[in-house]
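The next block holds one structure in the form of structure tokens; read it before the comments.
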Amino acid sequence: ELTPNFSIEIPKQFEELEAPVTLQLKNTFLGNNTNLWQSEGADVDQSTDKEPSVRFSKAGTYTISLEVGNGKKTKKISQTVTVKASKGYAYIQNVELGIYNGRGERGIFYSTTLRKSFKESDEISPAEAASIDLLFFGLNEEFEFNRFLSPDAAASAGINPIAGAGKTTVLNPLSVENAPAFDNLGEAQLKALQISRVEEEPDDFFNESSPKIVLFENAQKKKGALLIKEFIKDGPNSRIRFDIKVLK
């Protein structure tokens, strides 16, 4: 008997379900010979792939349908999904990056687009490399010397560079004048941030007692701020925990 069923998976970078959003459709029914997906309002509204992705560019409530067939009969099932209007920025919470001594076991690079951390030892695709916009250097578990770097400056900190990583302008806490209130940052406030530095200026280190706002502008010219909330001391597994707001 045909019993179609499917699930809608939301990739981490689209977890707020704000337009534009790309969803992954998972066909959980086995044994059918044909699939026909229909997604009204999507950029591409039909597909015969077994498990296609579907993109919605605008806010709204949409119906996604899967029709399966076995050569004798067909049966159809539908689900709805609501895509919200974009607030203009992503709010990413509880990101963790490790210290230098643990860089082979815990991520030190981070992509705000993919919302994913990368270890020094990871195999990283060109697309992933291009999306990486933050690099954390924490000298040791005492957190005496810490700074965020542009990913393309990894070699200057004794870290294996990632080919194709972009250039990010970073203002570490000691370089942030009149630190903004993180909770009040919205799209307009992020756009208004002044983020510039002279390349010859020293890249200041900060310790765990320093102000904890870091500002950055990535290679795509998207401005952001991160709030360091916690320094977690755990030997080579030591890490910082922080929230990020970044323009989409």
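Since we're looking at a predicted model, the values are computed, not measured.
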May I ask you to test the Glu105-Asn237 pair for a side-chain heavy-atom distance under 4.5 Å? no

Roughly how far, to the nearest 0.5 Å, is CD1 of Ile244 from CD1 of Ile92? 4.5 Å

For Asn70, is there any backbone N or O sitting under 3.5 Å from a side-chain donor or acceptor partner on Asn33? yes

When clusters are formed by joining ILVMFWY residues with side-chain heavy atoms under 4.5 Å apart, either directly or through shared neighbours, do Tyr62 and Val44 land in the same one? no

Under a 4.0 Å N-O cut-off, is there an ion pair linking Arg106 with Glu141? no

In Å and rounded to the nearest 0.5 Å, what is the CG to CG distance from Asn207 to Asn146? 7.5 Å

Verdict with supporting geometry, Glu142 and Glu208, side chain to side chain contact (heavy atoms under 4.5 Å, CB included): CA-CA 9 Å; Glu142 297 303 317; Glu208 61 180 319; 5.9 Å; no

Report yes if the side chains of Asn35 and Trp37 come closer than 4.5 Å at any heavy-atom pair, otherwise no. yes

Flag the pair Asn94 / Asp243 as yes when at least one side-chain heavy-atom distance between them is below 4.5 Å, and no otherwise. yes

Examine Leu66 and Leu36 and state if one hydrophobic cluster contains both, with Ile, Leu, Val, Met, Phe, Trp and Tyr joined whenever side-chain heavy atoms are less than 4.5 Å apart. no

So, taking the atom named CZ in Phe14 and the one named CG in Leu23, what distance separates them when rounded to the nearest 0.5 Å? 8.0 Å

Is there side-chain contact between Lys75 and Thr3, with at least one heavy-atom pair below 4.5 Å? no

Thr28 side chain to Asn5 main-chain N or O, any donor-acceptor pair under 3.5 Å? yes

Answer yes or no: is there a donor N or O on one side and an acceptor on the other, between the side chain of Lys12 and the main chain of Arg115, under 3.5 Å? no

Inspect the surroundings of NZ in Lys58 and state if more than 12 heavy atoms from other residues, nucleotides or ligands are less than 6.0 Å away. no

Report the C-alpha separation of Gln189 and Lys245 in whole Å, then their side-chain angles, then the decisive distance to 0.1 Å, and conclude whether the side-chain hydrogen bond (donor to acceptor under 3.5 Å, both in side chains) test is met. CA-CA 11 Å; Gln189 292 76 23; Lys245 290 183 178 179; over 6 Å; no

Could you check, using the six-membered ring where one of them is a Trp, whether Phe216 and Phe148 have ring centers closer than 6.0 angstrom? no

Within the 4.5 Å heavy-atom criterion, are Glu230 and Phe242 side-chain neighbours or not? no

As a quick check of understanding, evaluate salt bridge (Lys or Arg N to Asp or Glu O under 4.0 Å) for Glu217 and Lys223, giving each step before the final call. CA-CA 4 Å; Glu217 184 174 357; Lys223 297 178 180 179; 5.1 Å; no

Atom CZ in Phe137, atom CG in Leu149: separation rounded to 0.5 Å? 8.0 Å

Write down the atom of Thr169, the atom of Arg197, and the distance for their closest heavy-atom approach. CG2-CG, 3.9 Å

Assess the residue pair Thr168 and Asp133 against the criterion (side-chain hydrogen bond (donor to acceptor under 3.5 Å, both in side chains)); give the C-alpha distance rounded to whole Å, side-chain angles, the decisive distance to 0.1 Å, and a yes or no. CA-CA 6 Å; Thr168 298; Asp133 42 16; 5.7 Å; no

Please examine the side chains of Leu247 and Glu187, heavy atoms only from C-beta on, and report whether any two atoms are closer than 4.5 Å. yes

Exactly one of Ile162, Asp122, Leu114 should register a side-chain contact (heavy atoms from CB on, under 4.5 Å) with Glu128. Which one does? Leu114

Search all heavy atoms of Leu134 against all heavy atoms of Pro151 and return the closest pair with its distance. N-CG, 3.6 Å

How close do Ile108 and Gly98 get, counting heavy atoms only, and between which atoms? CG2-O, 3.4 Å

Cluster check Ile232, Ile99: I/L/V/M/F/W/Y, side chain < 4.5 angstrom: no

Does CD in Gln46 sit with more than 12 non-hydrogen atoms of other residues, nucleotides or ligands closer than 6.0 Å? yes

Let me see the working for Leu185 and Tyr89 under side chain to side chain contact (heavy atoms under 4.5 Å, CB included), right down to the final yes or no. CA-CA 10 Å; Leu185 288 175; Tyr89 68 94; over 6 Å; no

Lys76 to Ser65 - nearest heavy-atom pair and separation: CE-CB, 3.5 Å

Check whether Asn172 reaches the backbone of Leu174 with its side chain - one donor and one acceptor, N or O, closer than 3.5 Å. no

Compare every heavy atom of Pro52 with every heavy atom of Ser47, then report the nearest pair and how far apart it is. OG-CB, 3.5 Å

Stepwise, does the side chain to side chain contact (heavy atoms under 4.5 Å, CB included) test hold for Leu139 with Phe205? CA-CA 10 Å; Leu139 181 61; Phe205 290 96; over 6 Å; no

If I take atom CD from residue Gln79 and atom CG from residue Leu25, how far apart are they, to the nearest 0.5 angstrom? 9.0 Å

Pair Val68, Thr34 - check side chain to side chain contact (heavy atoms under 4.5 Å, CB included), show working. CA-CA 6 Å; Val68 298; Thr34 61; 5.8 Å; no

At their closest point, which heavy atom of Thr113 faces which heavy atom of Ser131, and how far apart are they? CB-CB, 4.3 Å

Hydrophobic cluster membership, Phe145 vs Tyr100, 4.5 Å side-chain cutoff: yes

Regarding Lys26 and Glu51, does a basic nitrogen lie under 4.0 Å from an acidic carboxylate oxygen? yes

Do Glu18 and Lys87 make a side-chain contact, defined as non-hydrogen atoms from C-beta onward lying under 4.5 Å apart? yes

Given side chains that start at C-beta, do those of Leu135 and Leu97 come closer than 4.5 Å, heavy atoms only? no

Would you say CD of Gln24 has more than 12 non-hydrogen atoms from neighbouring residues, nucleotides or ligands within 6.0 angstrom? yes

Aromatic ring proximity, centroids under 6.0 angstrom, Phe109 and Phe118: no

Atom pair CD1/CD of Ile240 and Glu96 - distance to nearest 0.5 Å: 9.5 Å

